[in-house]
Amino acid sequence: MKKYSIGVDFGTQSGRAVLVDVSNGEVISQAVKEYTHGVMDERLPDGTKLEHDWALQHPRDYIEVLETTIPEVLKLSGVNPENVIGLAIDFTACTVLPIDKNGQPLCFDEELKSNPHSWVKLWKHHAAQDEANKLNAIAAERGEDFLARYGGKISSEWMIPKIMQVLDESSDIYYKADRFMEATDWVTMQLTGVEARNSCTAGYKAIWHKQKGYPSKEFFKALDERLENVVEEKLSTDIHSLGGKAGELTKEMAERIGLLPGTAVGIANVDAHVSLPAVGVTEPGKMLMIMGTSTCDILLGTEEKMVPGMCGVVEDGVLPGFYGYESGQSCVGDHFEWFVKNCVPEKYFREAEQKGMNIHQYLTEKASKLKVGESGLLALDWWNGNRSCLVDVDLTGMMLGMTLLTKPEEVYRALIEATAFGKNKIIKTFEESGVAINELYACGGISKKNPMMMQIYADVTNKEIFIGASDQTPALGSAMFGAVAAGKENGGYDSIFDAAKVMGKVEEKTYKPIPENVEVYKKLYAEFELLHDYFGRGENDVMKRLKNIKKEQSQKTLEEEGKVLCLSH
């Protein structure tokens, strides 16, 4: 009798589930559910207006994903729930929410639902940058050794700055919160009824260390006296290793999602980190690029090296027995989506429709006919800030070389090239720090849909690129961890390494560097580095000055709107 596992991947705009044959890693069926409330970056559901750099989500959307996609993959496959041995999930991170003592999100409270701080702060919520700046300054002054493990800076996207923002701007929410949880752990708790925080998000996003634990109480007190006992009062020191079993599916949730009570549920994970074994990577020297709205890079090592601007290095943070390195770019797919929504003329949409293409396919077709460097354009990929290697969300995008003859496809290609240059900067920083990168692997929708982009990445980095076989790599990775949670005696696996040998796969086709393109891109990359350092390392902070002016003027607009609203009442 065949056995199956289910993996659920919670992304930025939607959640998706896959039902996987444990014996070979084949995805039997899959289903996607768009979040009902999407990303809330302008208003709350009740109309409360949000300030700039906010990005929130509705936790009920996550439960809807489970209730919709899992029954659907069972129905599509015809698989009996009795033969589903395990389930696990992955999530964007750091995506965090405050909950009460019963585990319910504070935003479910009628009295608190108009307070933005009661909601889920999505990974790309950047409004805690002031808190991140304060944390980094105090940590540097105190000589805290954890800073080096995170490339020299803690990001505003991470757990502690987001908690600090709640305390600074809405202390009533801070004190009403029984604890703050990563969404991936919270959803797993809804499945099992027990709290089991994972070592991946704790290590990469909450400054936890396997040997040393969290930073000291003295450090947290230096941030704010009220934070002295934040770990004991609002977090948890009970951290669970990846590959373990979080618990078993409760009767209530089993009825809601169509599985059997007692089904094994794996420790939760992060979408990027869970993807590594899904492409069969279980050894050092191979960087996986998970390419979507943003890009996250995962790499294994045998030593703990300090790499400037990396997102973190965590022992057992990705696979047991290795140091897991993380880096990434805050804006990739979002980059291209912004461009087609705001800058492409109607004529191009009509022409794309006539050819039976979507606008991205059409722009790619036109851009692929350009020679390297033909457009005369060069861009910085900071439309959503810089995650690595500068760790600065206050940086913004830039395009250089535009003329009255510049065409949309030229800009589109330049934006793609900007993300490739940003990736090359990350790779070179790792290599210069003694962390070898011999091969590149890619997964995610972009790696499947845009051959031109993958060839550009191969040419810019001068490295061969292997593509994950599954079009739902994170979800497949979660299904693999679900099979490990079930264990070999139940038809699964005793380790993620065993599962990866059988279930992880890449496509036969690879992308190899084209020598003549490599040479031209070397010239363009040299110019990219000049701009990168000039605008990103403090020589000219014009981007930040412009952002401050924007913030000041936007605040005036909000105040004026508030006055008008008061007068109308």
Asker: Is there a side-chain contact between L44 and L50 in this structure, where contact means two heavy atoms from C-beta onward sitting under 4.5 Å apart?
Answerer: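 The answer is yes; the side chains approach within 4.5 Å.
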Asker: Quick one: pull up CD in E326 and OH in Y150 and give me the separation to the nearest 0.5 Å.
Answerer: 10.0 Å
Asker: In Å, rounded to the nearest 0.5 Å, how long is the span from CD1 of I207 to CD1 of I154?
Answerer: 4.0 Å
Asker: Testing the 3.5 Å rule here: is there a donor-acceptor pair between the side chains of Y521 and T461?
Answerer: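 Per modelled atom types, Y521 and T461 side chains form no pair under 3.5 Å.
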Asker: Shortest non-hydrogen contact from M40 to H58?
Answerer: CE-N, 3.8 Å
Asker: Apply side-chain hydrogen bond (donor to acceptor under 3.5 Å, both in side chains) to residues D185 and N198 and explain how you reach the verdict.
Answerer: CA-CA 7 Å; D185 292 328; N198 74 89; 2.8 Å; yes
Asker: So N548 and E552, side-chain hydrogen bond (donor to acceptor under 3.5 Å, both in side chains) or not? Walk me through it.
Answerer: CA-CA 6 Å; N548 285 334; E552 291 167 3; over 6 Å; no
Asker: Determine the minimum heavy-atom distance between L299 and M287, stating which atoms define it.
Answerer: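 L299 and M287 have their closest heavy atoms at CD1-N, 3.8 Å.
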Asker: For the residue pair F219 and F146, is the inter-centroid distance of their aromatic rings smaller than 6.0 Å?
Answerer: yes
Asker: Hey, is the main chain of H360 close enough, under 3.5 Å, to the side chain of K449 for a donor-acceptor pair?
Answerer: no
Asker: Are any non-hydrogen side-chain atoms of V340 and Y412 less than 4.5 angstrom apart?
Answerer: yes
Asker: Would you name the heavy atoms of H209 and K212 that are closest together and state the gap between them?
Answerer: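 Between these two residues, the closest heavy atoms are ND1-N, 3.1 Å.
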Asker: Is the backbone N or O of K425 less than 3.5 Å from a side-chain atom of T429, with the two atoms forming a donor-acceptor pair by type?
Answerer: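 Yes, because the side chain of T429 sits within donor-acceptor range (under 3.5 Å) of the backbone of K425.
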Asker: Would a 4.5 Å heavy-atom cut-off, applied to side chains only, mark F336 and I359 as touching?
Answerer: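 No, every pair of side-chain atoms sits at 4.5 Å or beyond.
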Asker: Give me the ring orientation class for Y62 and Y35: parallel if the planes are under 30° apart, tilted from 30 to 60°, perpendicular past 60°.
Answerer: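 Aromatic pair Y62/Y35 classed perpendicular.
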Asker: Checking T184 side chain against N269 main chain: does a donor-acceptor pair fall under 3.5 Å?
Answerer: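 Checking the backbone N and O of N269 against the side chain of T184, a donor-acceptor pair under 3.5 Å is found.
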Asker: Which heavy atom in G422 sits nearest to a heavy atom in F528, and how many Å separate them?
Answerer: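 Of all heavy-atom pairs spanning G422 and F528, the closest is N-CZ, 3.7 Å.
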Asker: Which heavy atom in P161 sits nearest to a heavy atom in W158, and how many Å separate them?
Answerer: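 Looking at all heavy atoms of both residues, the closest pair is CD-O, 3.4 Å.
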Asker: Hey, which of K551, K544, K550, K547 is the one that makes salt bridge (charged side-chain N to carboxylate O under 4.0 Å, His left out) with D394?
Answerer: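 Running salt bridge (charged side-chain N to carboxylate O under 4.0 Å, His left out) over K551, K544, K550, K547 with D394 returns exactly one hit, K547.
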Asker: Is the F466 ring parallel, tilted or perpendicular to the Y441 ring (thresholds 30°, 60°)?
Answerer: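 Rings of F466 and Y441: parallel, under 30°.
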Asker: Could you give me the CA-CA distance, side-chain angles and deciding distance for H335 and Q329, then say whether side-chain hydrogen bond (donor to acceptor under 3.5 Å, both in side chains) is met?
Answerer: CA-CA 11 Å; H335 210 193; Q329 293 163 275; over 6 Å; no
Asker: Against the six-membered ring of Y174, is K234 placed for a cation-pi contact (under 6.0 Å from the centre, within 45° of the normal)?
Answerer: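 That pair qualifies as a cation-pi contact.
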Asker: Can any side-chain N or O of K162 pair as donor or acceptor with the backbone N or O of L122 at less than 3.5 Å?
Answerer: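 The answer is yes, because a donor-acceptor pair under 3.5 Å joins these two groups.
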Asker: Between E182 and T95, is there a donor-acceptor pair closer than 3.5 Å when you use the side chain of the first and the backbone of the second?
Answerer: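 The answer is yes, because a donor-acceptor pair under 3.5 Å joins these two groups.
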Asker: Using modelled atom types and a 3.5 Å cut-off, is there a donor and acceptor pairing between side-chain atoms of K134 and backbone atoms of L223?
Answerer: yes
Asker: Do you know which two heavy atoms are closest between K305 and G434, and how far apart they sit?
Answerer: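 Distance-wise, the nearest heavy atoms are CE-O, 4.0 Å.
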Asker: Check the side chains of D297 and S327 for a donor-acceptor pair under 3.5 angstrom, ignoring hydrogens and angles.
Answerer: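 The criterion, which ignores hydrogens and geometry beyond distance, is satisfied for D297 and S327.
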Asker: With the side chain counted from C-beta on, respond yes when W383 and S330 share a heavy-atom pair under 4.5 Å apart, and no when they do not.
Answerer: no
Asker: Determine whether a donor-acceptor pair (N or O, by modelled atom type, separation under 3.5 Å) exists between the side chain of R387 and the backbone of T295.
Answerer: yes
Asker: When the ring planes of W123 and H126 are compared, do they come out parallel, tilted or perpendicular, using 30° and 60° as the limits?
Answerer: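 Judged by the thresholds at 30° and 60°, the geometry between W123 and H126 is perpendicular.
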